[in-house]
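Written out below as structure tokens is the structure these notes cover.
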Protein chains: 2
Amino acid sequence: MSSDERPALRVTISDVAAAAGVSRATATRALKGEGRFAPETQERILAEAERLGYVRNTMAAELAAGRTGTVGLMLRDASNPAYGLLFSRLQDEAHRRGLDLVTVTIGADEQGAEQVNALHRLLGMRVAGLIVATGGITAAQLAPFADQVPIVRAGRVETAEGIHTAHYDDPSHGELLASHVLSLGHSRVVVLSGAEDVSLAEHLRATAMEQTLRAGGASVTLLSVGAAPTDGVDEALDAVRAGATAVMCASDYRQLAVMRALRDAGLSVPGDVSVTGCDGILPGADLLGLTTLRIPVEAVAAAAVETMQRLLSGSDADAVPTVRQPFVGTLVPGTTAAAL
Amino acid sequence: MSSDERPALRVTISDVAAAAGVSRATATRALKGEGRFAPETQERILAEAERLGYVRNTMAAELAAGRTGTVGLMLRDASNPAYGLLFSRLQDEAHRRGLDLVTVTIGADEQGAEQVNALHRLLGMRVAGLIVATGGITAAQLAPFADQVPIVRAGRVETAEGIHTAHYDDPSHGELLASHVLSLGHSRVVVLSGAEDVSLAEHLRATAMEQTLRAGGASVTLLSVGAAPTDGVDEALDAVRAGATAVMCASDYRQLAVMRALRDAGLSVPGDVSVTGCDGILPGADLLGLTTLRIPVEAVAAAAVETMQRLLSGSDADAVPTVRQPFVGTLVPGTTAAAL
DNA sequence: GTGAAAGCGCTAACAA
DNA sequence: TTGTTAGCGCTTTCAC
């Protein structure tokens with residue numbers, strides 16, 4: 001081949017321009033199809049770009065243009081199907097709306113330093129917006145940037161001004177499940193949940209469960225434990241042996257752990273004890289007959305992206321009042337909880 | 001406050017340098033802690049950066065430096081737990097090794113155009129390396145860049161020269177499962193799989209199953225169907241009614257679909273028919289007693305990242321022969337497949 | 001319709 | 001130890 005061959009990723013727009021016999025300015029315009037240029041010129045430029053294997057250097061382009069076309073997504077560890085699905089739906093929705101997403105993740109068990117690091121990586125790219133789908137980052141850490149770049153929290157509630165949300169209405173979830181259990185006639189119930197600083201969602205659910213149950217006249221044993229699904233399972237079993245007829249878990253993972261323990265202990269579900277969970281997105285949950293609550297992942301994802309797009313296109317960002325959008329899931333009756 | 005206040009993300013290194021009374025070059029060095037500078041000078045610069053809320057513009061930095069510190073990850077839709085877990089493990093491993101990952105995803109059902117678009121977005125960022133965890137992108141599309149940037153495929157096998165892999169040994173997986181089924185005494189078996197162009201992994205597994213079964217003297221009905229888990233389920237049931245005693249599914253999703261259909265048809269598992277799957281990463285699979293094969297996600301992720309790091313640090317990239325690393329999972333006997 | 005020129009924010013020799 | 005000077009690759013007025 002001719003001597004104008006360069007390794008694909010080192011072809012610059014100057015190379016393309018030169019090969020097409022035009023200036024860089026013209027090449028830029030033709031390549032993005034904006035501004036004025038002769039159709040035949042564009043054709044030639046496009047052909048040369050193709051031939052040379054030109055890939056625009058995004059960093060240079062966005063630096064020069066002074067703006068970014070991508071939205072940053074901070075995601076919690078995706079090994080949890082609830083986050084995996086949220087991730088997937090956010091991605092789909094962003095794609096549908098023509099937004100480019102670039103994602104960084106932080107392990108679920110990371111310390112604050114990692115979270116901040118990830119945040120800075122995204123901000124360093126000067127993303128046009130930020131979708132935060134991890135509880136690990138605090139409002140205080142986000143706040144300084146809220147007036148620079150639109151920030152939408154997806155999944156978790158947020159009270160800080162200027163940070164928008166599309167979130168699960170976890171108190172309602174807890175209430176719905178508790179009402180169901182009450183309606184089945186249970187009056188001695190164990191509530192198993194992660195502590196507030198371990199999982200805000202679980203905490204909110206569990207608190208609502210407890211309140212609803214007590215309001216319904218039931219006696220409640222609240223177990224507020226660590227992050228591991230097996231934490232507190234033994235205590236829950238003890239409570240069952242002591243007469244509790246239902247175990248309400250603040251997440252499906254805990255529910256599975258409880259059911260394993262129950263099976264190993266020779267207790268039957270729902271014969272000896274009813275068990276409920278929350279999340280409802282495990283594939284195969286139906287085969288297990290899990291009584292749970294399906295969280296509205298799709299609605300949250302759609303609202304988060306839609307909000308982001310609106311903020312992005314809004315001429316005056318500060319003119320928009322902080323958006324708060326709670327979504328309620330649907331109860332999945334299942335067969336692991338039955339009437340007394 | 002003083003008049004040197006600018007919105008956080010608009011503070012440049014010049015602002016920091018000016019505030020600290022030094023040149024930009026000194027600020028650069030002090031900020032990254034490389035090169036020579038007086039400790040006290042650095043202290044001052046760091047303090048000013050902190051005070052002004054300076055966040056380095058990564059695009060500008062990497063453009064100027066001529067290199068990137070991040071590795072791009074192309075991921076398939078994470079709503080499938082197998083990909084979600086792979087994603088999570090790749091991320092963990094990268095973090096452990098000090099590599100920064102930036103991810104773009106493509107829906108599982110996307111056309112080629114989207115995949116190429118995603119690839120270009122990553123290449124446009126001039127990532128230092130590329131980890132590809134989606135089957136949707138072909139070797140031909142990757143090849144032009146393989147000598148520019150190290151490329152490692154994670155999960156799926158690859159034959160193209162210059163593209164490294166850490167992949168599941170799916171033929172072995174099929175063989176292991178089929179041997180298990182044979183050892184249980186089954187001789188009339190249905191194999192349910194996605195077609196080759198739908199899922200290479202499923203195809204490889206199914207092909208191996210078929211061969212192993214036939215070699216073992218069994219008669220095989222191979223159903224090569226579409227991507228939807230319910231595809232081919234009816235036909236599989238027909239085959240069961242016609243005398244087949246085992247249904248081998250090329251993925252857990254199909255296995256679940258088959259079990260639902262069997263349940264609805266009033267057939268018992270494994271009483272009337274044995275069922276096997278493949279993947280083994282569904283939470284709760286143990287409670288269902290699924291007979292399946294756990295794919296070695298962790299090993300693949302670790303090997304992929306380790307290979308990437310090696311390629312990145314290797315002075316002479318082309319000196320490294322193409323790396324191929326197949327990993328075999330472990331059989332999970334379960335209770336959905338039993339002896340005849 | 002096209003090109004020349006001035007940067008975007010930062011880094012990296014090379015001087016000083 | 002610090003500052004000066006060139007750019008990195010691209011976009012974008014503003015003339016022509």
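Proteins get letters first, then strands, A, B, ... in listed order; numbering begins at 1 in each. Bear in mind that the values here come from a model prediction, so they are computed numbers and not experimental data. Atom set for the values below is all heavy atoms of this structure, side chains included, hydrogens, waters and symmetry mates excluded.
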Respond yes when some side-chain nitrogen or oxygen of [X] is under 4.0 Å from OP1 or OP2 of [N], and no when none is.
X	N	answer
B:Thr41	D:dT2	yes
B:Thr26	D:dG3	yes
B:Arg56	C:dT11	yes
A:Thr12	D:dG9	no

D:dG3, C:dG3, C:dC10: which one has an atom nearest the side-chain heavy atoms of B:Arg29?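 Closest nucleotide among those given: D:dG3.
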Can you tell which of D:dT11, C:dT2, D:dC10 lies closest to the side chain of A:Lys32?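 Nearest to the side-chain atoms of A:Lys32, counting from C-beta on, is D:dT11.
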Rounded to whole Å, please give me the gap between [atom1] in [X] and [atom2] in [N].
X	N	atom1	atom2	value
B:Ile13	C:dG7	CD1	P	20 Å
A:Gln42	C:dT2	CD	P	10 Å
A:Glu34	D:dT12	CD	P	8 Å
B:Leu31	D:dT2	CG	P	14 Å
A:Ile45	C:dG1	CD1	C1'	11 Å
B:Arg10	C:dC8	CZ	P	14 Å
B:Arg67	D:dG9	CZ	C1'	16 Å
A:Met59	C:dT11	CE	P	12 Å

Sort out for me which residue in B:Asp77, B:Leu75, B:Ile106, B:Leu119 forms a side chain to side chain contact (heavy atoms under 4.5 Å, CB included) with B:Thr134.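 So the option named by the test is B:Ile106.
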Identified side chain to side chain contact (heavy atoms under 4.5 Å, CB included) counterpart of A:Val152 within the set A:Val132, A:Leu130, A:Leu311: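 Only match with A:Val152 under side chain to side chain contact (heavy atoms under 4.5 Å, CB included): A:Leu311.
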If I compare all heavy atoms of A:Val102 with all of A:Leu122, which pair ends up nearest, and what's the gap?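 Closest heavy-atom pair between A:Val102 and A:Leu122: O-CD1, 4.2 Å.
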Under 3.5 Å donor-acceptor pair, B:Arg24 side-chain atoms to C:dT11 base atoms: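 Side chain to base: pair present.
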Would you kindly compare A:Phe37 and B:Ala61 by the position of their nearest DNA chain C nucleotide and give the one closer to the 5′ end?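 The residue whose closest nucleotide sits nearer the 5' end is A:Phe37.
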Might you confirm whether atom CZ of A:Arg310 has over 12 heavy atoms from other residues, nucleotides or ligands at distances under 6.0 Å?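 Yes, CZ of A:Arg310 has more than 12 neighbouring heavy atoms, counting only those of other groups under 6.0 Å.
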Tell me whether the count of non-hydrogen atoms from other residues, nucleotides or ligands lying under 6.0 Å of CZ in A:Arg10 goes above 12.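 It does not: A:Arg10 CZ has 12 such atoms or fewer within range.
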Quick one: label A:Thr28 by what it contacts on the DNA or RNA (base, sugar-phosphate, nothing), any heavy atom closer than 4.0 Å.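 If one applies the 4.0 Å heavy-atom cut-off, A:Thr28 turns out to touch a base.
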Tell me what B:Leu63 touches on the nucleic acid: a base, only sugar-phosphate, or nothing, going by heavy atoms under 4.0 Å.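 Base, at least one base atom sits under 4.0 Å.
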5'-most by nearest nucleotide on DNA chain D - B:Arg126 or B:Ala25: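 On the 5' side of the pair lies B:Ala25.
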Hey, which sits more toward the 5' end of DNA chain D by its nearest nucleotide, B:Arg36 or B:Ala65?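 The 5'-side residue here is B:Arg36.
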